[in-house]
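Before any comments, here is the structure.
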Amino acid sequence: MASLYVRLSRRNIVEQLPRIRCCHVSASPTHNYNSSPLNQSNKKLSNLIRSGRISEARTLFDSMKRRDTVTWNSMISGYVQRREIARARQLFDEMPRRDVVSWNLIVSGYFSCCGSRFVEEGRRLFELMPQRDCVSWNTVISGYAKNGRMDQALKLFNAMPEHNAVSYNAVITGFLLNGDVESAVGFFRTMPEHDSTSLCALISGLVRNGELDLAAGILRECGNGDDGKDDLVHAYNTLIAGYGQRGHVEEARRLFDGIPDDDDDGNEGKRRFRRNVVSWNSMMMCYVKAGDIVFARELFDRMVERDNCSWNTLISCYVQISNMEEASKLFREMPSPDVLSWNSIISGLAQKGDLNLAKDFFERMPHKNLISWNTIIAGYEKNEDYKGAIKLFSEMQLEGERPDKHTLSSVISVSTGLVDLYLGKQLHQLVTKTVLPDSPINNSLITMYSRCGAIVDACTVFNEIKLYKDVITWNAMIGGYASHGSAAEALELFKLMKRLKIHPTYITFISVLNACAHAGLVEEGWRQFKSMINDYGIEPRVEHFASLVDILGRQGQLQEAMDLINTMPFKPDKAVWGALLGACRVHNNVELALVAADALIRLEPESSAPYVLLYNMYANLGQWDDAESVRVLMEEKNVKKQAGYSWVD
DNA sequence: GTAGGGTTAG
């Protein structure tokens, strides 16, 4: 009864089938098709595509002597899944005969690519279709909905001959992607029958919009699970996961405990509402997110039915707390580790800085996917092995894996680390051509440009962001201006940010204070520092004190800076002493410079910077004997002068 | 081989 609409749609498709020519059925008799070499190859092809091995799939496709429409469709589907629309289109144009599935595939391909040009082409092809089935309509409706074009989605929804649950789900999801909770719920209520998939769509969208109470209310209202509805446990699992994401572990557990377990009664024969492995995994994930590893482990140990997801969840939990011993132990124990298990282990090793072992695991993987590459590249970037990251990035492309926004975000950070504007610009072009930039991509571009001295380009990226700019984006731009000495611009942008009610973070204030330091604004600096504490309730950190020391020092208020260091509630770190030492050099205060240099040398005995600064100070003042003794001391302590620190300036 | 929805990796 709950699948009424699904049944309706099946009837639709079945009714339309006779009008659609299916090539393989007419080309060869059915009885020997199943065992035919063609069918065997088709199965192999779809298996390769399912496991993401696209280049192997293409090799097989190219080597096949006979191909039917299913062969072509499978290959097209592989490219569509990977958003390689040009390749998909080429095959679509080349194929000898197209059926409705071929058309649906290519239309769906265009709609899942970003950019209005693609959407228009998808729509054009939809209009050109010789036959349309329910899937064709739903593809276009969901395509518009995901691209924020709810006007078109609704227009087509109203124009389609008969709806099924999928049509409704696509519209509901579309509303919720746009944050339109009211319309989503309203639309859900117009459905004559609610099946679990619509309920899932609604609940997961409500959770994304932070509407947990509303989601719980609707779940209660739609039945407590024992009234014959299909798989209502899906909807429960959605909400359990949603509570987990928002940190409401107790509510999640109440819901979980409310689902009957298998051993609650002996009524096994009848299919009914029960906990399944996803319920267990979702509940386990709640504990993982809350950092409650003991509870997660307890649940895992109690589970009767185990799947890879359960193992992977627990592995990722140990990875998150950096317990690689336990993570590796589980990895070895699990019956068949999959690509997710490998990726988690690689990520954990990279996070611990063990790049060699991470790389070793990476190379031993039976099959890598895009995330494997992203994980290892991000690992190299975070550990500042930029050359290694670039090498992997080229290898990835040689192996036919296309970078996505995560890859690009990492390699843009690599170009920042290398201060390589040329590379950064090339990557920026790649971004423009291949992905719809999101916040992390824009933020890494802004940081890259400003670190590479191209503040105008940073500003262009910032201004071209059409949608909402998150606080990290603002921080990146304000920080860029501040480090460039463009204090007025930094402070102006900060004002604008506050006017737009974007809540600043402690990082924003580090940049604001740096801007004040560059501009010599002592009063303004203090004012901002106090405003941070009093207006925004942000606890000052040692970084803020370092900026204040810098502000005072640059203005020659060295004793005030020293007093601040002595009274601040933190142990001064190298940034604090570095700021003081730099100021002492500018204002030729040898006495305090020695204090700062001494502290710096204690913190970082191997660093040559304080020695070089002291040397240059003495040299500047013409005190060559003292300068020479610094050099000798450095030799004695076996400190090597690092590139980038000049003996002259 | 195609449209929507629940848990795990970057």
* Within a strict 4.5 Å, meaning less than it, do heavy atoms of the A:Phe92 and A:Leu105 side chains meet? ->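 They are not in side-chain contact.
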
Would you mind classifying the nucleic acid contact of [X] as base, sugar-phosphate or nothing, using non-hydrogen atoms under 4.0 angstrom?
X        : result
A:Asn276 : base
A:Cys200 : sugar-phosphate
A:Lys405 : nothing
A:Arg50  : sugar-phosphate
A:Asn369 : base
A:Asp307 : nothing

* Closest to the A:Ser142 side chain, choosing from B:dG5, B:dA3, B:dT8 ->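 Closest nucleotide to the A:Ser142 side chain: B:dA3.
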
* Kindly point out which of B:dG4, B:dG6, B:dT8 is positioned nearest to the side chain of A:Val278? =>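 Given the options B:dG4, B:dG6, B:dT8, the side chain of A:Val278 is closest to B:dG6.
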
* Asked: To the nearest Å, how far apart are A:Leu219 CG and B:dG5 P?
  ->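 Value for this atom pair: 18 Å.
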
* Between A:Arg123 and A:Phe111, is NZ or CZ placed under 6.0 angstrom from the six-membered ring centre and within 45° of the ring axis? ->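 No, a cation-pi geometry is absent between A:Arg123 and A:Phe111.
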
* **Ring-face cation contact, A:Phe361 with A:Arg364, 6.0 Å cut, 45° max** =>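 Cation-pi check for A:Arg364 and A:Phe361: passes.
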
* To do: Can you check whether any acceptor in the base of B:dG4 is under 3.5 Å from a donor in the side chain of A:Thr197, or vice versa?
  =>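 It does, because a donor-acceptor pair links the side chain of A:Thr197 to the base of B:dG4 below 3.5 Å.
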
* Give me the ring orientation class for A:Phe295 and A:Tyr287: parallel if the planes are under 30° apart, tilted from 30 to 60°, perpendicular past 60°. =>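 A:Phe295 vs A:Tyr287 ring planes: parallel.
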
